[in-house]
Amino acid sequence: MLKVYYTDIDPLRKAGTFSKKLALVNEMRSDKILAYQNTDDQCRGLAAGLLLRLALEKEGIDYEKAEFAKEAYGKPYILDSPLCFNLAHAGRYAVCAVSNYKVGVDIESMKRFDGNEERMQKLSQRILTTEEKARWEIDESGSHMVRIWSRKESYAKMTGKGLMCDFSEINTISGTYYHERFMNEYYMAVCTNVPTDEIEWIGSHEELYPLQLN
């Protein structure tokens with residue numbers, strides 16, 4: 001089982017909505033959200049937390065009673081539960097993936113490297129495997145680099161090591177299991193440690209923000 005919930009953060013910018021929704025996430029997450037200095041970062045963090053609550057409840061897990069802990073590199077998990085989850089956010093979207101297997105998710109703007117050709121080329125020299133370099137020489141576009149980066153990051157998050165991973169050793173072409181989705185100039189990559197065709201992409205705006213959308 002693999003389910004990917006996603007939502008637009010815009011409704012959280014409306015007056016009064018943020019504070020009401022903040023009360024729905026646990027203290028550890030709310031403290032992390034409020035530590036952000038930027039309002040958009042706070043909205044993205046809250047949206048991800050709300051998606052997690054929704055996803056757990058859909059799987060029969062009481063969010064209020066769930067106990068969370070962290071792995072060695074800081075990846076959170078649920079104590080005494082086989083369900084795995086991972087969160088991501090970028091721009092106007094937040095994402096939560098839940099699975100019976102280890103899972104990592106990343107989302108990026110397809111315009112991330114627009115106007116940053118030099119940075120993109122330097123990144124390609126630093127993170128690409130031999131097999132990826134061969135494909136990169138055919139298509140050195142910003143959208144191609146976004147897909148490569150996002151896949152590598154979803155793999156790194158799946159392992160729990162995050163940016164501690166050596167991205168040049170992550171092969172996004174073979175030996176790993178990815179799912180991808182393009183949405184309104186954004187790209188989502190999901191990585192699991194086992195193959196699975198049972199994936200659901202679930203837009204959750206109506207369930208998170210019913211008052212704003214009715």
Side-chain angles (χ1 to χ4, degrees), residues 1-12 18 21-36 38-59 61-64 66-79 81-109 112 146 149-165 178-181 183 186-193 199-205 207-209:
M1 178 274 288
L2 174 58
K3 298 179 182 179
V4 183
Y5 294 81
Y6 58 91
T7 190
D8 195 311
I9 71 167
D10 282 349
L12 290 175
F18 181 90
K21 296 294 183 179
L22 186 63
L24 297 177
V25 299
N26 61 36
E27 184 177 358
M28 181 174 68
R29 175 148 293 274
S30 65
D31 287 346
K32 182 177 180 180
I33 291 166
L34 294 176
Y36 290 123
N38 182 281
T39 299
D40 281 352
D41 287 337
Q42 291 182 343
C43 288
R44 282 187 280 267
L46 177 54
L50 293 172
L51 285 175
L52 175 60
R53 178 177 183 130
L54 175 64
L56 295 188
E57 290 176 349
K58 293 288 187 180
E59 300 305 315
I61 297 175
D62 188 332
Y63 179 84
E64 298 288 349
E67 295 186 43
F68 296 86
K70 291 184 178 181
E71 298 177 358
Y73 291 93
K75 183 179 181 180
Y77 68 96
I78 309 168
L79 287 172
S81 173
L83 192 73
C84 300
F85 72 90
N86 196 229
L87 307 176
H89 45 72
R92 57 182 286 196
Y93 288 104
V95 186
C96 172
V98 292
S99 177
N100 295 327
Y101 327 107
K102 288 186 177 181
V103 63
V105 63
D106 185 55
I107 182 169
E108 302 286 346
S109 167
R112 174 174 177 172
V146 166
W149 174 266
S150 191
R151 283 182 166 221
K152 286 179 183 282
E153 185 153 347
S154 69
Y155 174 87
K157 293 175 71 179
M158 183 269 293
T159 66
K161 293 182 179 180
L163 296 179
M164 296 295 292
C165 279
Y178 292 103
H179 296 273
E180 62 181 1
R181 186 180 180 92
M183 181 180 62
Y186 285 81
Y187 172 77
M188 286 189 281
V190 184
C191 183
T192 57
N193 65 336
I199 181 170
E200 293 183 55
W201 301 92
I202 305 168
S204 305
H205 317 315
E207 291 183 273
L208 295 185
Y209 317 121

task: Count the heavy atoms belonging to other residues, nucleotides or ligands that lie under 6.0 Å from CE of Met183, then report whether that count exceeds 12.
output: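 More than 12 within 6.0 Å, yes.
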- prompt: Would you say Tyr155 has more than 12 foreign heavy atoms packed within less than 6.0 Å of its OH?
  reply: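 It does not: Tyr155 OH has 12 such atoms or fewer within range.
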Which residues pass the side-chain hydrogen bond (donor to acceptor under 3.5 Å, both in side chains) test with [X], not counting sequence neighbours?
{"X": "Glu200", "result": "none"}
{"X": "Lys75", "result": "none"}
{"X": "Glu71", "result": "none"}
{"X": "Tyr178", "result": "none"}

Less than 4.5 Å apart, side chain to side chain, heavy atoms only: is that true for [X] and [Y]?
{"X": "Val98", "Y": "Tyr5", "answer": "yes"}
{"X": "Glu108", "Y": "Glu153", "answer": "yes"}
{"X": "Asn86", "Y": "Met158", "answer": "no"}
{"X": "Thr159", "Y": "Tyr73", "answer": "no"}
{"X": "Val103", "Y": "Val190", "answer": "yes"}
{"X": "Leu24", "Y": "Arg53", "answer": "yes"}
{"X": "Leu83", "Y": "Met1", "answer": "yes"}
{"X": "Tyr77", "Y": "Lys70", "answer": "no"}

- request: Tell me, please, which residues at least two apart from Ala66 pass side chain to side chain contact (heavy atoms under 4.5 Å, CB included).
  value: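 Scan of Ala66 (side chain to side chain contact (heavy atoms under 4.5 Å, CB included), adjacent residues dropped) gives Ile61, Phe68, Ile78.
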task: List in chain and number order the residues that pass side chain to side chain contact (heavy atoms under 4.5 Å, CB included) with Thr39, two or more places apart in sequence or in another chain; answer none if no residue qualifies.
output: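 In terms of side chain to side chain contact (heavy atoms under 4.5 Å, CB included), with neighbours along the sequence ignored, Thr39 is linked to Cys43.
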message: Suppose we screen for salt bridge (charged side-chain N to carboxylate O under 4.0 Å, His left out). Which residues come up paired with Lys152, at least two apart in sequence or across chains?
response: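 Testing Lys152 for salt bridge (charged side-chain N to carboxylate O under 4.0 Å, His left out), a comparison that skips the adjacent residues, returns Glu132.
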Contacts of Glu67 that satisfy salt bridge (charged side-chain N to carboxylate O under 4.0 Å, His left out) - sequence neighbours left out: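 Scan of Glu67 (salt bridge (charged side-chain N to carboxylate O under 4.0 Å, His left out), adjacent residues dropped) gives none.
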- prompt: What distance separates Tyr93 OH from Ile9 CD1, expressed to the nearest 0.5 Å?
  reply: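 That separation rounds to 10.5 Å.
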query: Mind checking what makes ring-ring contact (aromatic ring centres under 6.0 Å, His included) contact with Phe18, not counting sequence neighbours?
result: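 So Phe18 forms no ring-ring contact (aromatic ring centres under 6.0 Å, His included) with any residue.
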field: Tyr186 side chain to Arg112 side chain, donor-acceptor N/O pair below 3.5 angstrom
entry: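 Absent: no donor and acceptor within the cut-off.
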- prompt: Which pairs, with at least one residue in residues 94-107 and sequence neighbours excluded, count as a side-chain hydrogen bond (donor to acceptor under 3.5 Å, both in side chains)?
  reply: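 Output for this query lists Asp106-Ser150.
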message: Once side-chain hydrogen bond (donor to acceptor under 3.5 Å, both in side chains) is applied, what residue pairs with a partner in residues 40-50 remain, sequence neighbours excluded?
response: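 side-chain hydrogen bond (donor to acceptor under 3.5 Å, both in side chains) check on residues 40-50 returns Arg13-Asp40, Asp41-Arg44.
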Could you list the donor-acceptor pairs under 3.5 angstrom formed by side chains in residues 27-36, with sequence neighbours left out?
from: Ser30; atom 1: OG; to: Asn26; atom 2: O; distance (Å): 3.4
from: Ser30; atom 1: OG; to: Glu27; atom 2: O; distance (Å): 3.0

task: Can you see which heavy atom on Cys96 is nearest to which on Leu52, and at what distance?
output: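 Heavy-atom minimum between the residues: SG-CA, 3.8 Å.
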